[in-house]
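The block underneath contains the structure these notes are about, expressed in structure tokens.
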Amino acid sequence: MTEQTPVPVDVTDDLPEQMRVRREKRERMLAEGTEPYPVGYPRTTSLAALRERFAELPTDTATGETVSVTGRVIFLRNTGKLCFATLREGDGTELQAMLSLDRVGAERLDEWKRLVDLGDHVGVTGEVITSRRGELSVLAESWELTAKALRPLPVAHKPLSEEARVRQRYVDLIVRPQARQTVRTRATVLRSLRDSLHGRDFLEVETPMLQLLHGGAAARPFVTHSNALDTDLYLRIAPELFLKRCVVGGIDRVFEINRNFRNEGIDSSHSPEFAMLECYEAYGDYNTMATLTRELVQDAARAISGSHVVAHADGTELDLGGEWRSVTLYGVLSEALGEEVTVDTDMARLVQYAEKHNLAVDPKWGPGKLAEELFEELVVPRLHEPTFVRDYPIETSPLTRAHRERPGLAEKWDLYVMGFELGTAYSELVDPVVQRERLVAQAQLAAKGDDEAMQLDEDFLRAMEYGMPPAGGMGMGIDRLLMALTGLGIRETILFPLVRPE
RNA sequence: GGGCUGCUAGCUCAAUGGGCAGAGCAGCGGACUUUUAAUCCGCGGGUUCAGGGUUCGAGUCCCUGGCGGCCCA
């Protein structure tokens, strides 16, 4: 719903000089009958193809071959009768264009100098040569402006401020090779994940993002409204309950890669919308999911770096190879506390430990939740190498099967790397009666005002009552996977992260 | 939520203790037929985030707000 129609204003008044000048050049072209934004340019080759074909061309050589190329002007070096420009095309390949008086003529050379600014898109047709300095170039016979840039590019040799990079990613992409590389790395990782899953007979599905009830995880949802149904809807916090319906329906190996939305904090490792991989495997359990997850991550590492060792932006390396460490929650917590703690340790003892380590205790927490909080406080920041932390208290895992051997625990692991949680997996709870008990308990929490608790999803329970096979399920944050693979902050791995209005 | 900190030309940043708001790149004018962030000569360019206050005088000090960043809970 538009609250007000934008009022057209004459923006040409009162502009900074550089924008005014560029607008005037556009006007001048139109007045002279030249199109500043023509429909295209008949290019015959890409810059990358030329670079590849003529990689070995010796210095100061003319090939006799005429080509047409296009690109954005990123450097200009104009002299009296011979002008140089560096063009760059979408994949980042750069190539020099040369415009000489004797080839293009006085008029077109003058117009080049008069009209072309840094940032403009141009098309150039001419002979492939190398310059006297050995630079592979197209020596123009003719040229056209293909899109006039009305705003000046920022300085190419200084990094944009962090805020400008995020708010104007398009500019960041123009001036910073690392920004372009990150987009490609992310695409490579996504393709690798899909390839790895397809190779293991998993089927990709898309389940609802707009949901009538919110569930599948513990998180605060975004609320929106359907006019047609005249009802509030939730943006999903997880696809879990729908993917399990798929497994009930016989899609034995199923996955989804898409966005979840959580109405929570925004910081260097949390974004309100984030991409997630979730997958389920009938007759799998949390052990098969651990193997699968490790292989998915290792395949992705190999896809971007050729090995299990990935290079981070800060120059360090992270080795994701091998079997990965596997510990139990209470095991590492006991180690950190220096005293034996189990799922049976009573609340009073745990509170003592919390006080000793200056951890504020929420009175709503049970002993399981408190143990997890202690773990997050004392252990997680030190988990740099990939580590599976297994066997969580069942109290905090309402959708997880009880541990097959140890009462009070659930068959769940969290995968930690670089001090953050990368993924989680369960041996899924498939007994519809127990499932109902747990969800009713959640719904009662929700009714008492816990806005992270799930609502009672009768349709999900009905599905479970038709019989879901034993299954393992796993979820992994895509943005965080990129962080682990590249060492970048979450705002760099997400192309257009949410920012406050300017 | 708390603490610290930043916001100045298109971009990146300076500006002594409160005393004429500057540089590099970019831009404009000129020179240059082999440049590589070209070079040389000349010139312009500012609501110092917004609003209020103190002061003869505020980019600078104080208050409120906005948008970032870092640290802590």
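Keep in mind that the numbers below use all heavy atoms, side chains included, and drop hydrogens, waters and symmetry copies. Here the structure is a predicted model, which means the values were calculated and not measured. Just so it is clear: chains get the letters A, B, ... in the order the sequence lines come, proteins before strands, and each one is counted from 1.
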| With A:A275, which residues qualify under side chain to side chain contact (heavy atoms under 4.5 Å, CB included), at least two apart? | A:R186, A:R259, A:I478, A:D479
| task | Could you tell me whether the phosphate oxygens of B:U33, OP1 or OP2, come under 4.0 Å of any side-chain nitrogen or oxygen in A:R103? | result | no
| message | Reading RNA chain B from 5' onward, which residue's closest nucleotide shows up sooner: A:K81 or A:A156? | response | A:A156
| task | Give a yes or no on whether a salt bridge exists between A:D91 and A:R184, defined as a side-chain N under 4.0 angstrom from a carboxylate O. | result | no
| message | Both distances below 3.5 Å, Watson-Crick or wobble geometry, any strand: find the nucleotide opposite B:G42. | response | B:C28
| said: I want to check one thing: is the phosphate of B:G69, taken as OP1 and OP2, less than 4.0 Å away from some side-chain N or O of A:R491? | reply: yes
| What distance, rounded to whole Å, do you find between the two P atoms, one in B:A23 and one in B:C43? | 11 Å
| query | When you measure from the side chain of A:S100, which nucleotide among B:U36, B:U12, B:U33 comes out closest? | reply | B:U33
| said: Please list all pairs meeting salt bridge (Lys or Arg N to Asp or Glu O under 4.0 Å) that have one or both residues in residues 325-335 of chain A, counting only residues at least two apart or in different chains. | reply: none
| note | B/S/- along nucleotides 37-44 of chain B (protein heavy atoms under 4.0 Å) is BB-----B
| request: Side chain of A:L101 only, please: which of B:U33, B:U36, B:C11 is the nearest? | output: B:U33
| said: Output the rounded distance in Å from CG (A:L99) to P (B:U34). | reply: 15 Å
| field | Interatomic distance, A:K113 NZ vs B:G29 C1' [rounded to whole Å] | value | 13 Å
| request: Once you apply the 3.5 Å cut-off to both distances, tell me the Watson-Crick or G-U wobble partner of B:C7, or none. | output: B:G66
| request: Report yes if a side-chain nitrogen or oxygen of A:S137 is closer than 4.0 Å to either non-bridging phosphate oxygen (OP1 or OP2) of B:U34; otherwise report no. | output: no
| field | Atom-to-atom span, NE2 of A:H357 to C1' of B:C72 - whole angstrom | value | 18 Å
| query | Are a donor atom and an acceptor atom from the side chains of A:D391 and A:T328 found within less than 3.5 Å of each other? | reply | no
| Base, sugar-phosphate alone, or nothing: which one does A:L153 contact when heavy atoms must sit under 4.0 Å apart? | nothing
| message | Please give the distance between the C1' atoms of B:U39 and B:C32 as a whole number of Å. | response | 9 Å
| message | Taking CD in A:E52 as the centre, count heavy atoms belonging to other residues, nucleotides or ligands within less than 6.0 Å. Is the count above 12? | response | no
| query | With a 6.0 Å cut-off on ring centres, are A:H357 and A:F375 close enough? | reply | no
| request: Please report, rounded to the nearest Å, how far the P atom of B:C72 is from the CG atom of A:L359. | output: 15 Å
| field | Value in whole Å for how far the C1' atom of B:U12 lies from CZ of A:R176 | value | 15 Å
| query | CG of A:L95 versus P of B:U36: gap in Å, rounded? | reply | 17 Å
| message | Counting only Watson-Crick pairs (N1-N3 plus N6-O4 or O6-N4) and G-U wobbles (N1-O2, O6-N3), all under 3.5 Å, who is the partner of B:G22? | response | B:C13
| Regarding A:R390 and the six-membered ring of A:Y286, is the cationic atom NZ or CZ under 6.0 Å from the ring centre and inside 45° of its axis? | yes
| When we call it a touch if two heavy atoms are under 4.0 Å apart, what does A:R167 touch: a base, just sugar-phosphate, or nothing? | sugar-phosphate
| query | Going through the distances and angles, do A:T86 and A:Q96 end up as a side-chain hydrogen bond (donor to acceptor under 3.5 Å, both in side chains)? | reply | CA-CA 4 Å; A:T86 304; A:Q96 178 167 274; 5.1 Å; no
| request: Using the P atoms only, state how far B:G52 lies from B:U16, rounded to an integer number of Å. | output: 26 Å
| note | Partner of B:U60 under the Watson-Crick or G-U wobble criteria, both distances under 3.5 Å, comes out as none
| task | Could you give the distance separating B:A38 and B:A50 at their P atoms, to the nearest angstrom? | result | 34 Å
| said: Taking the P atom in each of B:G68 and B:A15, what is the distance between them to the nearest angstrom? | reply: 26 Å
| field | P atoms of B:G24 and B:A31, separation to the nearest Å | value | 23 Å
| Where the side chain of A:E163 is defined as all heavy atoms beyond and including C-beta, which of B:A26, B:U33, B:G68 is the nearest nucleotide? | B:G68
| query | Which nucleotide in the list B:G68, B:C28, B:U34 gets nearest to the side chain of A:K25? | reply | B:C28
| message | If I pick the C1' atom on B:U48 and the same atom on B:G3, what distance separates them, to the nearest angstrom? | response | 27 Å
| field | Whole-Å distance separating the CG atom of A:D172 from the C1' atom of B:C11 | value | 13 Å
| message | In whole Å, I'd like the distance from the CZ atom of A:R23 to the C1' atom of B:C28. | response | 18 Å
| said: Go through it in stages, so that I can follow the logic: the residues are A:R491 and A:E163, the test is salt bridge (charged side-chain N to carboxylate O under 4.0 Å, His left out), and I'd like the CA-CA distance, side-chain angles, deciding distance and then a yes or no. | reply: CA-CA 10 Å; A:R491 280 179 309 283; A:E163 187 173 2; over 6 Å; no
| field | Given RNA chain B, 5'-ward residue of the pair A:P159 and A:L82, judged by closest heavy atom | value | A:P159
| request: Tell me, please, whether A:Y392 has A:K412 positioned over its six-membered ring: NZ or CZ under 6.0 Å from the ring centre and within 45 degrees of its axis? | output: yes
| Complementary nucleotide for B:A73 - Watson-Crick or wobble, under 3.5 Å | none
| Can you tell me how far C1' in B:A58 sits from the matching atom in B:G17, rounded to whole Å? | 14 Å
